[in-house]
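Working notes for the structure below.
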Amino acid sequence: MPHVIIIGCGFGGLAAARELADANVDVTMIDRSNHHLFQPLLYQVATAGLSAPAISAPIRSILASQRNVTSLMAAVSNIDTTRKAVALEDGSEIAYDYLIVAAGSTHSYFGHDEWASLAPGLKTLEDAFDIRRRILMAFEYAEREDDPVRRDEWLTFTVIGAGATGVEMAGTLIEIARHTLRGEFRRIDPQQARVVLLEGSDRVLAAYPPDLSEKARKQLGKLGVDVRTGSRVIDIDGECVRYTDKDGEQRLASRTVIWSAGVAASPLGKSLNVPLDRAGRVVVGSDLSIPGHHEIFVIGDLAAAISDGKPVPGVSPAAKQMGRVAARNIVNRIAGRPLEGFVYRDYGSLATIGRKAAVAMVGKLKFSGYPAWLFWLFVHVYFLIGFRNRLLVMSDWAWAYLTFKRSARVISSAIDTPPDKPHDEASTQ
């Protein structure tokens with residue numbers, strides 16, 4: 001039978017595998033991790049609202065009943081389009097007849113990769129664990145700090161980028177400070193913590209209509225987030241963020257910085273040796289195949305696809321739709337039938353800002369506040385993988401709503417010394 005390799009078990013890759021369930025093909029799913037991740041709720045893991053198993057599931061478990069799928073946990077290092085082979089990082093190769101590349105995207109620091117260790121982005125569970133630890137340890141360091149200036153630095157959290165992830169992260173951070181940690185510390189008042197949201201453009205949620213964007217900004221301000229638009233970051237170090245705005249260069253003292261300002265396509269796209277757009281995404285045809293290789297399909301965040309004359313956004317519904325179309329086109333090509341053109345169906349956009357605060361756009365309908373927040377809850381629970389995950393998320397959210405408490409606040413690593421404090425000085429306090 002024809003051999004189909006799918007690289008990446010995100011939304012697009014998983015949708016493609018499921019679409020091929022009844023096809024007369026052998027499918028090999030390759031992913032560098034052993035789990036499928038529901039990325040829209042990843043920030044909830046980073047902010048201690050949900051545990052990792054609530055938004056993830058083992059790939060082998062998800063595809064166990066699909067007998068024509070073999071799952072491999074491995075990292076792909078290269079694609080040889082001439083020999084039709086996928087090379088893994090251990091040096092081995094796997095031949096294919098058809099290939100679906102759904103490798104996704106990574107963080108983009110716009111040429112400043114040195115900022116990555118100081119301002120982590122959020123793409124994987126490992127990123128979420130790192131950010132969660134930084135957030136919780138910032139309060140612990142502040143509790144141990146005698147110098148009021150350095151204490152304020154630890155209690156100032158900066159989120160760079162006011163897209164959906166940045167807005168959701170900022171709103172949740174202020175809730176942690178104002179409600180979750182209230183009364184738990186003796187030397188500091190967590191409610192005095194500041195959350196600053198920096199955005200280079202002139203408004204938050206730039207992909208949304210201006211009226212919804214303005215409502216989101218007002219809701220953030222009402223929660224207590226300091227929103228600073230027109231602020232372009234020029235430098236980040238261990239103690240501050242420097243940026244420029246209409247008043248010139250500014251310095252913001254902050255020791256916990258989270259990056260949500262940009263993404264870049266997976267570098268795996270370069271190995272296909274086909275045209276890329278400015279963001280490094282692979283330019284695909286209307287059937288999602290690449291030029292000169294009609295057996296290779298690229299989907300999801302890695303694909304620069306056009307539908308009805310407009311670029312397809314890098315969102316999970318688009319990735320799912322691409323995955324299904326790519327899979328059907330493989331079946332069509334095997335059967336000698338005409339290929340299906342990809343047409344993106346936009347079912348709307350949602351962004352939560354905080355408790356009872358969100359914005360939503362479904363077709364021509366736009367709404368915000370509590371109704372949008374309830375709609376956001378329903379949609380995200382509905383699209384989670386498996387009944388167990390839905391039950392976990394609903395129970396954790398219900399508990400958090402009633403008590404303001406967050407259940408995933410355990411820090412597993414050993415106690416360490418604040419970054420700028422000598423070990424012998426810290427040990428005497």
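The only option from Y382, F11, Y43 that meets the ring pair (Phe, Tyr, Trp, His ring centres under 6.0 Å) definition with F38 turns out to be F11. Of the candidates V167, L197, L173, V225 forms a side chain to side chain contact (heavy atoms under 4.5 Å, CB included) with just one, namely L197.
Between R134 and D130 there is a salt bridge, since a side-chain N of the basic residue sits under 4.0 Å from a carboxylate O of the acidic one.
Surrounding CZ of R203 are more than 12 heavy atoms belonging to other residues, nucleotides or ligands, all under 6.0 Å away. Within 6.0 Å of the CG atom in D90, the count of heavy atoms belonging to other residues, nucleotides or ligands exceeds 12.
Of all non-hydrogen atoms in A95 and H3, the two that sit nearest each other are O-ND1, 2.7 Å. The nearest pair of heavy atoms linking H294 to R333 is O-NE, 3.1 Å. Closest approach of A54 to V393, counting heavy atoms only: O-CG2, 3.6 Å. Minimum heavy-atom separation, G262 to F110: CA-CZ, 3.9 Å. Contact detail for G171 and L223: the closest heavy-atom pair is CA-CD1, 4.4 Å. Shortest non-hydrogen contact noted between L384 and I55 is CD2-CA, 4.3 Å.
Counting only distance, with no hydrogens or angles, the side chain of E199 and the backbone of A162 share a donor-acceptor pair below 3.5 Å. In this structure, the side chain of H36 does not engage the main chain of A57 through any donor-acceptor pair within 3.5 Å. With N68 contributing its side chain and V27 its backbone, the two residues share no donor-acceptor pair below 3.5 Å. Judged by distance alone, with hydrogens and angles left aside, the side-chain atoms of T106 form no donor-acceptor pair with the main-chain N or O of S266 at under 3.5 Å. Side-chain N or O atoms of D287 include none that pairs as donor or acceptor with a backbone N or O of L339 at under 3.5 Å. Judged by distance alone, with hydrogens and angles left aside, the side-chain atoms of D202 form no donor-acceptor pair with the main-chain N or O of G230 at under 3.5 Å. Between the side chain of D237 and the main chain of C240, a donor-acceptor pair closer than 3.5 Å is present. Remark: side-chain polar atoms of R60 are paired, donor with acceptor, to backbone N or O of S71 under 3.5 angstrom. Side-chain atoms of Q39 come within 3.5 Å of backbone atoms of K123 as a donor-acceptor pair (strictly under, hydrogens ignored). Y109 places a side-chain N or O within donor-acceptor distance of the main-chain N or O of A119, the cut-off being under 3.5 Å.
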task = List the steps and the verdict of side chain to side chain contact (heavy atoms under 4.5 Å, CB included) for L205 and M361.
result = CA-CA 12 Å; L205 296 177; M361 181 173 60; over 6 Å; no

inquiry  = Using the rule given for side chain to side chain contact (heavy atoms under 4.5 Å, CB included), can you reason through L276 versus V282, listing the C-alpha separation, both sets of side-chain angles and the distance that settles it, and then say yes or no?
reply    = CA-CA 5 Å; L276 307 177; V282 177; 3.8 Å; yes

request  = Show your working on salt bridge (charged side-chain N to carboxylate O under 4.0 Å, His left out) between R324 and E19 and close with a plain yes or no.
outcome  = CA-CA 6 Å; R324 289 191 284 267; E19 189 71 20; 5.0 Å; no

task = In sequence, state the C-alpha distance, the side-chain angles, and the governing distance for L125 and S56, and then conclude on side chain to side chain contact (heavy atoms under 4.5 Å, CB included).
result = CA-CA 9 Å; L125 282 177; S56 59; 4.2 Å; yes

task = Show the numbers, then the answer: is there a side chain to side chain contact (heavy atoms under 4.5 Å, CB included) between T81 and L272?
result = CA-CA 7 Å; T81 57; L272 295 173; 4.0 Å; yes

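Going from atom CZ of R194 over to atom CD1 of I174 covers 10.0 Å, rounded to the nearest 0.5 Å. Rounded to the nearest 0.5 Å, atoms OG (S271) and CD1 (I79) are 4.0 Å apart. Between the CG atom in L41 and the CD atom in E168 there is a gap of 8.5 Å [rounded to 0.5 Å]. Separating the CE atom in M394 from the CZ atom in F378 is a distance of 10.5 Å, to the nearest 0.5 Å. Between the CD atom in E93 and the CG atom in D80 there is a gap of 6.5 Å [rounded to 0.5 Å]. The CD1 atom of I5 lies 13.5 Å from the OH atom of Y98; values are rounded to the nearest 0.5 Å.
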Do any side-chain atoms of residues 297-319 form donor-acceptor pairs under 3.5 angstrom with protein atoms, and if so which ones, sequence neighbours left out?
residue	atom	partner	partner atom	Å
D301	OD2	S105	OG	3.3
S307	OG	Y344	N	2.8

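Taking 4.5 Å as the limit, every side-chain heavy atom of I236 sits out of range of all side-chain heavy atoms of T158. For the pair E249/I234, a side-chain contact is recorded, criterion being any heavy-atom separation below 4.5 Å from C-beta on. A heavy-atom distance below 4.5 Å is found between the side chains of I62 and R18. With contacts defined as side-chain heavy-atom distances shorter than 4.5 Å, the pair E239/R251 qualifies. Residues R182 and R178 form no side-chain contact, since every pair of their non-hydrogen atoms from C-beta on lies 4.5 Å or further apart. Contact check for D97 versus I334: no side-chain heavy atoms found under the 4.5 Å cut-off. Under the 4.5 Å side-chain criterion, counting only non-hydrogen atoms from C-beta, T172 is not in contact with T352. Counting heavy atoms from C-beta on, the side chains of D127 and P120 never come closer than 4.5 Å.
Looking at R228 and Y243, their side chains do bring a donor and an acceptor atom within 3.5 Å of each other. With hydrogens and angles left out, the side-chain atoms of T165 and S260 include no donor and acceptor closer than 3.5 Å.
Between Y141 and W154, the ring-plane angle classifies as tilted under the 30° and 60° cut-offs. Using a 30° and 60° split on the angle between ring planes, W376 and H380 fall in the tilted class, from 30° to 60°.
A cation-pi contact, defined as under 6.0 Å to the ring centre and within 45° of the axis, is absent between K84 and Y96.
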